[in-house]
Structure formats: C-alpha cells, structure tokens
Chemist: 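Can you read through this structure? Questions will come right after.
Here is the naming used below: chain letters follow the sequence lines, and residue numbers restart at 1 for every chain. FYI, side chains are in, hydrogens and waters are out, and symmetry mates aren't considered; it's all heavy atoms of this structure.
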Amino acid sequence: MPAPEVPENRVPEKPRLEGLEEKWGARWEADGTYRFDRSKSRSEIYAIDTPPPTVSGSLHVGHVFSYTHTDTVARFRRMRGREVFYPMGWDDNGLPTERRVQNYFGVRCDPALPYDPGFTPPDTPPSPPVAVSRPNFVELCLRLTVEDEKSFEELWRRLGLSVDWGMTYTTIAPEAQRASQRGFLRLLAKGEAYQSVAPTLWDVDFQTAIAQAELEDRELTGAYHRIRFGGPDGAAMEIDTTRPELIPACVALVAHPDDERYKPLFGSEATTPLFGVRVPVVAHPLAEPEKGTGVAMICTFGDVTDVTWWRELKLPVRTIVGRDGRILAEPPDGVSPSGAWQELTGRKMEPARTRIVELLRDSGDLVGEPRPVKHAVKFYERGTKPLEIVTSRQWFIRTLDHREALLARGRELRWHPPYMRARYESWVTGLNSDWLISRQRFFGVPVPLWYRLGDDGSVLYEEPLVPDESRLPVDPSTDVPEGFTADQRDQPGGFTGEPDVMDTWATSSLTPQIAGRWADDPDLFRRVFPMDVRPQAHEIIRTWLFSTVVRSHLEHGSLPWSDAAISGWVLDPDRKKMSKSKGNVVTPIGLLDQHGADAVRYWAASGRPGVDTAFDDGQMKVGRRLAIKILNASKFVLSRLSLLPAAPDAFEGNVTAALDKAMLAGLASLVEEATTAFEGYDYARALERTETFFWSFCDDYLELVKGRAYGGQGDEAAASANRALTLALSTMLRLFAPFLPFVTEEVWSWWKEGSVHRAAWPDGDELRQPDADPLVLDVASAVLGEVRKAKTVAQASMRADVARAVVRDTPERIAALMSVVSDLCDAGRITELVTREAETFSVEVTLAQ
RNA sequence: GGGCGCUUAGCUCAGCUGGCAAGAGCACAUCCCUUACAAGGAUGCGGUCGGGGGUUCGAGUCCCUCAGCGCCCACCA
C-alpha cells in the first residue's frame with residue numbers, strides 16, 4: 001500500500017523547548033485562547049477569585065508556586081468544558097504602596113497642603129523628603145503602580161497563566177473604589193458599620209489604628225520591675241510591671257476577687273510612687289494570684305487587658321502617650337506638671353522607662369533590681385515598634401454579633417486541604433473586637449462620608465452626610481456632599497470631610513464583587529457570583545479569606561465561593577520561609593530564563609495542596625527533562641506516520657493487539673484517577689500519576705511496540721500499534737496540558753487543529769477496550785527488564801542479541817506472555833523464547849556470542 | 001495554654017478507604033554512542049517507615065502515649 005503524498009510534515013527534525021514560550025504566548029493572545037465568554041450562564045461558568053498580588057514589592061518564588069496551582073485547576077476546568085472566569089487583579093492601594101512611593105520619589109504626604117497640578121517629583125529623591133498634597137501623593141502612587149503592574153503581567157504571561165488579560169482589575173481603580181464604598185454604605189445603612197471612640201491598637205510610626213487581624217506577637221527582652229505603692233493601711237503594696245513608665249497613667253491596682261491577701265483592701269485606695277496619685281484597689285477575675293505579687297497596676301493603656309479592666313470596672317482615663325509615641329506635654333488629671341512629669345514629658349517609651357527607673361531607685365520605690373524576662377509584645381505586622389493603645393474615633397464592621405453565622409459559613413465552605421478550616425475556626429472563635437476598617441492614611445479608598453459642622457465649628461459625628469450611590473466613588477476631601485457648596489467646607493454650619501481611608505482588607509474583601517463588577521455590570525455579576533473557588537495562602541486565612549466571607553455573608557447572604565484552595569509556602573533549603581529580608585529570594589524571571597516555564601511549573605505543581613514546599617531547582621531540571629522527553633516521544637509516535645498533517649481520524653483503525661489493549665486499559669485508569677484528583681483540587685496527584693505512566697510508557701511500551709509499529713509484523717499489526725500510540729499520545733498530551741502548557745501545545749500543533757487547551761479533557765471510557773488484560777503489559781515489561789539486566793551485567797550493548805531466554809512464571813502470566821511474544825522478541829532481540837511453569841517469576845538469559 | 005500539620009533511603013517527597021517480601025526522583029556506582037531522546041539510555045547500591053505500647057490473620061497505613069520540628073490561635077501585668 002503506497003503512502004499518500006505528504007504535503008507538509010509538521011514534526012520538526014530536532015524538536016526544542018527554546019522559543020516555545022514566546023511563540024505560544026503570542027499565539028494565545030492573538031487567538032484569544034483564554035478569553036472569557038460572558039454569554040455563558042452561571043452553571044456553565046467556573047469562576048476564580050484570583051488573589052490580587054500586592055504590586056509594591058516584587059513577585060517572588062512563592063507567587064509563582066501558588067499561582068501555578070490555580071492555573072492548573074483553571075486549565076483542567078476549561079478542558080472539562082467550563083467557561084473559566086479567570087481575571088487577574090492588582091492590589092495597589094494601601095500602606096505598602098505609600099512606603100514605596102515615599103522612598104522612590106522622596107516625598108511625604110501632607111493632607112493639609114492644596115493640590116499642585118504642576119507638581120513633578122525631583123529626579124533624585126531628596127532628603128528630607130518633599131511634602132506634597134494628598135491628591136499629588138495619590139497621583140504618584142498611581143504612576144508607580146502602573147509600571148509595576150506591567151512587569152507583573154509580563155511575568156505571569158511568561159509563566160503561562162491562562163488568565164483573560166482583558167478583565168484585569170486594580171484595587172485603587174474607580175471601579176474598585178465604587179464597589180468598596182458601595183459595600184460600606186450598605187453596611188452603614190443596615191447598621192452593620194458603625195463608628196466609635198474607643199481605645200484601639202495604634203502604630204506610632206505609621207500613626208494609624210491597627211486591626212486585630214494585623215497583629216503579630218514578637219518575643220522581646222523586657223524586665224520585671226517591682227514597684228512599691230503606698231498601701232491604704234500605711235503598709236506598702238508591691239506590684240510587678242514591665243512598663244514602669246506608665247505609672248503616671250495608673251488608674252487602679254487590681255487583684256483576684258478570691259485572693260485572701262488582698263480581699264481586705266478592695267474598695268480602699270493606694271498611692272502611686274513619684275506622682276502621689278490616689279488610685280482604688282479593685283477586684284477582677286482576670287488578675288492572676290500566681291503572677292508577680294498577685295497585684296497588677298491598671299494603666300490607660302498598657303495592653304489589651306488594661307482595656308478590659310478599664311471598661312468593665314468603669315475606671316477613669318489618664319492618657320500619657322501621644323499618637324507619635326511620646327509622653328504628652330500635658331499631664332493627665334491628678335498628676336502634677338512639675339516634678340517627675342517634667343523628667344518624662346516628650347520622651348519616647350524607651351528613654352522614659354530608663355529615666356523613671358532612675359527616679360524610682362532614687363526615691364526608694366524600686367524594690368530590688370529589674371529582673372530580665374522574655375515576653376511576647378504586640379506589633380503591627382509591618383511595623384517596627386511595639387503598639388501603643390490610643391483612644392480615637394474609628395469605623396468598624398460588626399463581626400462579633402455574627403460569630404455563629406460566620407462559623408457556620410466556614411463549615412459550609414469546602415476546604416482543600418480540609419484541615420485548613422481549623423485556622424478559620426480558631427480565628428473566628430478568638431475574635432475579641434469588631435473589624436476596625438478605618439486607617440489614618442492617604443493612599444486608599446476614602447471612607448465616603450462628610451459630617452455636618454455645628455455653628456460653633458464642632459464636628460457632628462453623629463450626623464454623617466451620605467452620598468448617593470450613583471455618585472460613587474467620592475473623595476470627601478475634594479468632593480462636596482449633596483446640599484452643600486465647596487465654600488462651606490470646614491466652616492461653622494457647613495461640613496467637613498471624613499479624613500480616613502479604609503483599610504486595604506476592607507476593599508480586598510470584595511474581590512469577588514470587584515472582579516465580577518457588582519457595582520457596574522449586574523448582568524456579569526449574576527453570571528459569576530457566588531464564585532467557585534478562592535485560591536490563597538494559609539497565612540491570610542484570618543484576613544483575606546475571613547473578611548471576604550464576612551462581606552459576602554452580610555451583603556449577599558451567601559458564601560462568596562463554594563471552595564477554598566489553600567496553598568503552602570515555599571521554603572528555602574534551610575526550611576525557613578523564603579523572604580526578602582532573609583536575602584534568599586531567587587527572582588522568578590531568572591528561574592524562567594534558566595529552566596523554562598514548563599519546568600518551573602512542574603516543580604510548583606509537585607507541591608501538594610496546602611503543604612509548605614522546599615525550593616528545589618533539581619525538581620525544575622526534572623521538569624525540563626520531562627518536557628524534552630515529551631517532545632522526543634511525540635516525535636517518535638508521529639514522525640513516521642505518513643498521514644501526519646491530516647485530520648486526527650487519519651489514524652483510524654482497530655486496536656487488535658493484546659499489548660495495545662493492555663496499555664490503553666492502564667491509560668483509562670490513569671485518566672479516571674487524574675480526573676478524580678483534579679476535581680478534588682489535588683493537581684499534584686494528577687501530575688504524579690500521569691508522569692509515572694508516561695515514563696513507563698516510554699521505557700516499556702514504546703520499546704515493545706517499536707518494531708511492530710514500523711511494520712515488522714505486517715500492516716494490520718502496525719495499524720493497531722499506531723492507533724494505540726496516537727490515542728495514547730493524544731490522551732497524555734491533554735493530561736499534561738494543565739501543567740506543561742507550552743510543550744503540550746507545541747506537540748499538539750504538529751498534528752491537530754486548534755489549541756490543546758481548548759480540547760476536551762480525555763474520557764477513560766473511550767479508551768477502555770472490552771477484552772483488555774492489563775497483565776500482558778506487566779509481564780512483558782518484567783521480562784524485558786530482566787533481559788536488559790542480563791545485558792547490563794554482561795556489560796553488553798542493549799543491541800546485543802539474546803540467543804535464548806527461558807521465562808519461568810505462573811500459568812496465568814505465561815498465557816498473558818504468549819500474546820506478546822513477537823513484540824518482546826523484537827524489543828529484546830531474542831532469538832528463542834522458552835516458557836516454563838513455575839511458582840515464582842524468573843528469566844534465564846543466554847546472550848549470543 | 002489550646003489547636004493543626006509534619007517526622008518514610010544522603011536529599012526532596014509519594015504511599016488515598018490497613019495486604020508492602022517498603023516506592024519515585026535527585027545524588028551515588030557500573031555499564032551502553034540503541035535510527036524518539038547523549039543537556040541521553042540500561043542496571044544497581046541504599047530504609048528495622050521518629051521512640052514505646054495496643055487493635056488485627058496482617059500496620060508506614062487505625063488507636064493510645066512520648067519526643068522533635070513547623071504553623072495557627074490565645075486577655076503573655
């Protein structure tokens with residue numbers, strides 16, 4: 001049978017990985033391969049709530065790791081026939097951007113300054129920094145983030161993320177601000193957002209309030225100071241404290257109600273050393289008799305326990321710490337401005353502590369010497385100084401009232417891996433305050449409110465002026481509330497703008513609403529919400545995941561998504577989390593240059609869901625080798641086939657050989673296993689199984705079938721082999737496509753029309769042959785292995801001829817072996833194959849001379 | 001203080017509902033230029049599955065307990 005004319009053989013002579021990323025990246029963009037079709041209905045769509053990376057920093061290996069995980073799932077779902085809604089977002093509002101802009105341009109924001117339309121930043125950052133208005137500052141933030149976002153997009157394209165780049169959002173853009181402000185106003189209308197003047201955690205460097213979710217504990221070395229107070233009965237009362245500088249802020253001494261030592265003193269008064277202020281001795285169950293002397297001083301405010309005591313015992317306030325972290329100029333009520341106060345005022349905490357210890361030692365009120373102690377101190381996670389507690393007016397969203405409902409939402413959500421839910425549970429269970437969303441910062445979404453001013457110029461906070469939703473987004477510092485004119489700003493009887501912005505989480509908690517264009521495109525929103533999956537890292541369960549659940553629960557009465565896929569961290573080889581500060585970060589673009597995108601993705605996809613994974617460039621080399629192997633094996637399968645460029649059915653023919661059927665049966669099981677794994681978000685298992693199958697396919701099946709495929713056993717036998725080979729290749733390419741999008745697309749293009757990434761995910765049922773016996777391939781592989789071993793032991797080439805091979809095995813396996821004798825003899829170059837029944841398997845090999 | 005996870009070859013890890021005379025890759029050793037692949041291929045060396053106890057015909061796999069590591073949470077004067 002003469003081979004038909006081949007118009008063009010698309011299999012390259014020497015397949016290479018080089019150039020595939022540029023080639024296919026451009027093609028996917030031109031063809032709109034990953035473009036989202038918004039005409040599809042909710043049930044046809046698979047919607048992903050992509051984490052928007054913080055653009056004021058750089059993408060690191062950890063990002064590459066976790067975004068690859070999501071991309072494999074997106075590609076799987078797309079091939080399964082879902083229309084995948086997979087936008088990218090950039091988180092560009094908030095403190096990180098402010099800090100970067102300050103350093104990059106050498107500016108600082110002064111909200112009191114007027115806007116300067118002609119402002120251009122100096123060429124080199126000046127020191128000290130130039131003060132600029134808030135609108136000027138915001139302009140600079142926008143200018144810098146646009147640049148960052150370009151480079152981020154470039155990296156993601158190199159990595160091969162299958163996002164629709166036409167749907168990108170940013171958290172500072174007007175659309176995001178509109179969604180964020182709308183969400184806030186609706187909570188305000190429902191009474192779920194409220195303002196309160198209360199002691200809150202305060203960062204003295206950033207000079208802003210901090211939410212519970214942004215706290216972290218750090219171990220510091222401090223010292224217990226035993227301090228003598230004047231007791232009510234004339235005797236001394238001693239307390240232990242790590243913060244003696246707060247003595248002037250002391251408002252009471254406290255002991256446990258059942259503490260017999262102090263029971264008689266409750267209700268009487270003690271006197272503070274140095275300041276001579278009389279403070280009550282009170283009882284509260286939080287005081288621990290075993291700790292120190294059993295008596296503690298309550299200050300306003302040294303820590304959150306002080307706040308609890310102060311609130312529950314209705315104590316007065318003696319504020320001594322200012323918002324800049326220094327001791328105030330004016331002493332609190334009852335403290336004399338002369339004497340010890342003069343020694344402390346204006347000092348920061350550390351110097352104040354040093355000084356007051358000297359004073360106490362001089363006055364004889366320090367008992368013994370300070371005893372060093374290691375203790376946990378609360379910090380803002382981005383901060384460098386311990387947090388103080390400052391009384392201020394702040395905005396909150398109610399969470400405590402909804403604790404049970406939020407726990408129920410956590411149980412409704414499907415977690416991958418499931419044990420990650422424990423982190424959510426412990427966070428929600430441990431909530432101790434509502435969600436503080438206002439920040440005294442500049443580059444963020446403004447709290448969209450104004451306040452009426454009284455005739456005396458006082459701010460009437462109780463009467464916020466609310467903009468109509470149609471006006472959003474508004475900036476209260478420049479926009480004017482309905483019914484007022486600009487010249488009434490900050491005038492008695494006029495209005496004033498709310499100066500605060502919302503915390504970045506208050507906006508990013510709405511990523512499903514922002515990406516789905518809740519405020520601007522209700523039709524789209526209905527098609528994508530609630531979404532299918534939130535992929536994210538475990539460290540931000542208490543912030544991003546939690547806050548998103550809160551917003552969706554309060555606004556829509558539902559979960560924001562049905563599944564949460566939690567990824568782990570990348571650890572450096574010393575098992576520490578990779579981070580910039582440790583100086584062990586490898587740049588992602590360098591990795592892609594060195595190993596190639598498919599190889600890097602292979603490493604990433606090998607990391608189990610939720611599991612912290614070691615950075616391992618050995619794995620990337622393995623991934624690269626796998627990609628090369630796919631090129632070469634594909635070339636073998638396709639290159640000699642005469643009908644190559646024609647349609648897939650050019651390889652029509654029946655699979656008749658037992659060996660081919662056995663291989664396809666194994667492949668069918670693989671497809672089912674990979675599908676199940678992917679549906680449970682276990683991409684790593686899908687990859688591992690596919691890879692294992694592929695290597696044994698190459699090592700054993702390909703070797704066994706080679707001679708027959710070339711026509712060594714006649715046309716019909718060759719047809720079976722070639723049919724099975726192409727079927728297997730087509731299947732494996734699709735199984736690998738989510739992981740290795742570039743190399744699979746390349747091979748696909750050699751013989752198929754369209755993108756492999758829009759091809760249908762394989763179906764195990766279509767591969768399975770009715771009378772397949774998997775044993776055939778197993779036995780043949782085992783015998784082939786023994787023959788190879790014999791050749792290796794004899795230090796002979798694999799081409800060496802085998803004069804005679806005696807296979808001993810069970811009758812069942814011998815029967816299976818009989819159906820592949822010709823293939824086996826071809827592959828092993830065996831002249832004579834003899835079988836003997838035996839209990840255990842063995843092969844006796846005699847090489848030809 | 002409470003909780004979660006991990007502990008399997010030198011290294012990085014699989015091992016899902018108990019059947020494994022314990023697996024992969026890397027590294028290492030020996031051999032092989034074989035027409036898919038020498039930036040390859042073949043073969044091999046290497047582990048009493050953290051310790052102890054229990055359930056079971058049978059445990060890396062289930063239960064108890066101890067230890068180490070990591071993380072999450074906690075009102076840590």
Side-chain angles (χ1 to χ4, degrees), chain A residues 11 14-15 17 217 219 222 224-225 239-243 246 253-254 284-288 291-299 302-309 373-378 417 419-432 538-539 541-542 568-569 571 573 575-577 603 606-608 610-619 621-626 628-640 673 676-677 680 682 684-685 688-689 691-692 695 698-699 702-703 706 710 784-800 829:
Chain A
V11 181
K14 181 80 181 165
L17 294 177
D217 285 351
E219 278 281 324
Y224 278 130
H225 303 75
I239 60 110
D240 273 349
T241 180
T242 55
R243 299 199 61 184
L246 293 180
L253 296 185
V254 64
H284 194 281
L286 278 182
E288 293 182 33
K291 206 169 269 181
T293 61
V295 191
M297 84 176 169
I298 303 177
C299 305
D303 61 26
V304 290
T305 314
D306 280 341
V307 178
T308 307
W309 280 327
V373 62
K374 283 232 171 218
H375 63 147
V377 177
K378 291 194 186 308
Y419 60 79
M420 285 295 174
R421 199 188 82 200
R423 303 194 177 201
Y424 176 90
E425 295 248 339
S426 65
W427 171 252
V428 177
T429 307
L431 281 175
N432 57 30
H538 53 62
E539 73 204 275
I541 287 174
R542 71 172 180 176
W569 284 335
L571 307 174
R575 310 261 70 187
K576 282 180 269 190
K577 186 190 176 187
W603 159 74
S606 304
R608 253 63 196 175
V611 178
D612 294 346
T613 301
F615 176 80
D616 184 359
D617 70 353
Q619 276 297 101
K621 294 194 176 108
V622 173
R624 184 173 177 83
R625 216 168 54 115
L626 173 62
I628 292 171
K629 190 79 173 179
I630 289 173
L631 285 179
N632 287 318
S634 301
K635 180 188 164 196
F636 168 72
V637 172
L638 298 175
S639 63
R640 346 160 297 292
E673 194 175 5
T676 304
D682 195 351
R685 174 184 289 266
E688 184 208 305
R689 296 310 155 98
E691 187 194 7
T692 301
W695 281 105
C698 290
D699 295 345
L702 233 43
E703 293 302 326
K706 202 180 266 183
Y710 274 114
L784 186 59
E786 291 299 313
V787 170
R788 283 178 187 142
K789 186 195 286 193
K791 291 179 180 178
T792 300
V793 168
Q795 303 199 345
S797 156
M798 287 299 125
R799 289 174 79 186
R829 295 176 159 256

Chemist: Keeping A/His538 on the side-chain end and A/Gly568 on the backbone end, is there a donor-acceptor pair under 3.5 Å?
Modeler: no
Chemist: Atom CZ of A/Arg799 and atom P of B/U35: how far apart are they, to the nearest Å?
Modeler: 6 Å
Chemist: Side chain of A/Arg788, heavy atoms from C-beta onward: which of B/G15, B/A42, B/A36 has the nearest atom to it?
Modeler: B/A42
Chemist: What are the atom names and distances for every N/O pair under 3.5 Å that joins the protein to nucleotides 23-29 of chain B?
Modeler:
residue: B/C26; atom: OP1; partner: A/Arg625; partner atom: NH2; Å: 3.0

Chemist: Nearest heavy-atom pair of A/Ala376 and A/Glu219: which atoms, and what distance?
Modeler: N-OE2, 4.1 Å
Chemist: Measure from the side-chain heavy atoms of A/Lys14 and tell me the nearest of B/C31, B/A38, B/A36.
Modeler: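 Of all the options, the side chain of A/Lys14 is nearest to B/A38.
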Chemist: Can you name the residues that form a ring-ring contact (aromatic ring centres under 6.0 Å, His included) with A/Tyr424, not counting sequence neighbours?
Modeler: A/Trp415
Chemist: Looking only at heavy atoms, which two atoms of A/Trp569 and A/Asp612 are closest? And how far apart?
Modeler: N-OD1, 2.8 Å
Chemist: Considering only atom P, compute the distance from B/A77 to B/U17 and round it to an integer number of Å.
Modeler: 44 Å
Chemist: Using whole Å, report how far NZ of A/Lys621 lies from P of B/C13.
Modeler: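 Distance, rounded to whole Å: 17 Å.
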Chemist: On a whole-Å scale, what distance lies between the P atoms belonging to B/A27 and B/A67?
Modeler: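 Result for the P pair: 39 Å, nearest Å.
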Chemist: Return the 5'-most residue of the pair A/Leu784, A/Arg829 with respect to RNA chain B, ranking by each residue's nearest nucleotide.
Modeler: A/Arg829
Chemist: Taking side-chain contact (heavy atoms from CB on, under 4.5 Å) as the criterion, tell me which of A/Val304, A/Asp303, A/Thr308 meets it with A/Asp306.
Modeler: A/Asp303
Chemist: Quick one: side-chain hydrogen bond (donor to acceptor under 3.5 Å, both in side chains) partners of A/Asp240, sequence neighbours excluded?
Modeler: A/Arg226, A/Arg371
Chemist: Check whether any side-chain nitrogen or oxygen of A/Lys706 sits under 4.0 Å from OP1 or OP2 of B/A36, and answer yes or no.
Modeler: yes
Chemist: With rounding to the closest Å, how many angstrom separate the P atoms on B/G50 and B/A39?
Modeler: 40 Å
Chemist: What integer number of Å spans the C1' atoms of B/A29 and B/A9?
Modeler: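 My reading of the C1' atoms in B/A29 and B/A9 gives 16 Å.
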Chemist: If we take the C1' atom in both B/U61 and B/G70, what is their distance in whole Å?
Modeler: 23 Å
Chemist: Using modelled atom types only, decide if a donor and an acceptor are shared between the side chain of A/Lys791 and the backbone of A/Ala800 within a distance under 3.5 Å.
Modeler: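 Checked: pair present.
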Chemist: In whole angstrom, give me the gap between the C1' atoms of B/G60 and B/G47.
Modeler: 12 Å
Chemist: To the nearest Å, give me how far apart CG (A/Asp699) and C1' (B/U34) are.
Modeler: 14 Å
Chemist: Between A/Glu688 and A/Arg685, is the salt bridge (charged side-chain N to carboxylate O under 4.0 Å, His left out) condition met? List the steps.
Modeler: CA-CA 5 Å; A/Glu688 184 208 305; A/Arg685 174 184 289 266; over 6 Å; no
Chemist: If the P atom of B/G3 is compared with that of B/U8, how far apart are they to the nearest Å?
Modeler: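 So the two P atoms sit 25 Å from each other.
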Chemist: Could you tell me whether the phosphate oxygens of B/C32, OP1 or OP2, come under 4.0 Å of any side-chain nitrogen or oxygen in A/Lys791?
Modeler: no
Chemist: Quick one: A/Leu571 CG to B/G70 C1', roughly how many Å, whole number?
Modeler: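 In whole Å, B/G70 C1' lies 9 Å from A/Leu571 CG.
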Chemist: Encode nucleotides 71-77 of chain B as B, S and - characters from 5' to 3', where the letter depends on protein heavy atoms closer than 4.0 Å: B to the base, S only to sugar-phosphate, - to neither.
Modeler: SSSSBBB
Chemist: To the nearest Å, give me how far apart CZ (A/Arg689) and P (B/A14) are.
Modeler: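 Distance, rounded to whole Å: 12 Å.
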Chemist: May I have the distance from A/Lys629 (atom NZ) to B/A39 (atom C1'), rounded to whole angstrom?
Modeler: 13 Å
Chemist: Just the rounded figure in Å: distance from P of B/G40 to CZ of A/Phe636.
Modeler: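 Spelled out: CZ on A/Phe636 to P on B/G40 is 20 Å.
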Chemist: Considering non-hydrogen atoms only, spot the tightest contact between A/Trp309 and A/Ala296 and give its length.
Modeler: CH2-CB, 4.3 Å
Chemist: What residues, two or more places apart in sequence or in another chain, satisfy side-chain contact (heavy atoms from CB on, under 4.5 Å) together with A/Gln795?
Modeler: none
Chemist: Suppose you measure atom P in B/C11 against the same atom in B/C16; what distance do you get, rounded to whole Å?
Modeler: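 Roughly 23 Å separates the two P atoms.
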Chemist: My understanding is that only residues two or more places apart in sequence, or in another chain, count here; which of them pass side-chain hydrogen bond (donor to acceptor under 3.5 Å, both in side chains) with A/Arg243?
Modeler: A/Glu245, A/Glu388
Chemist: Rounded to whole angstrom units, what separation is found between the CD atom of A/Glu688 and the C1' atom of B/C16?
Modeler: 11 Å
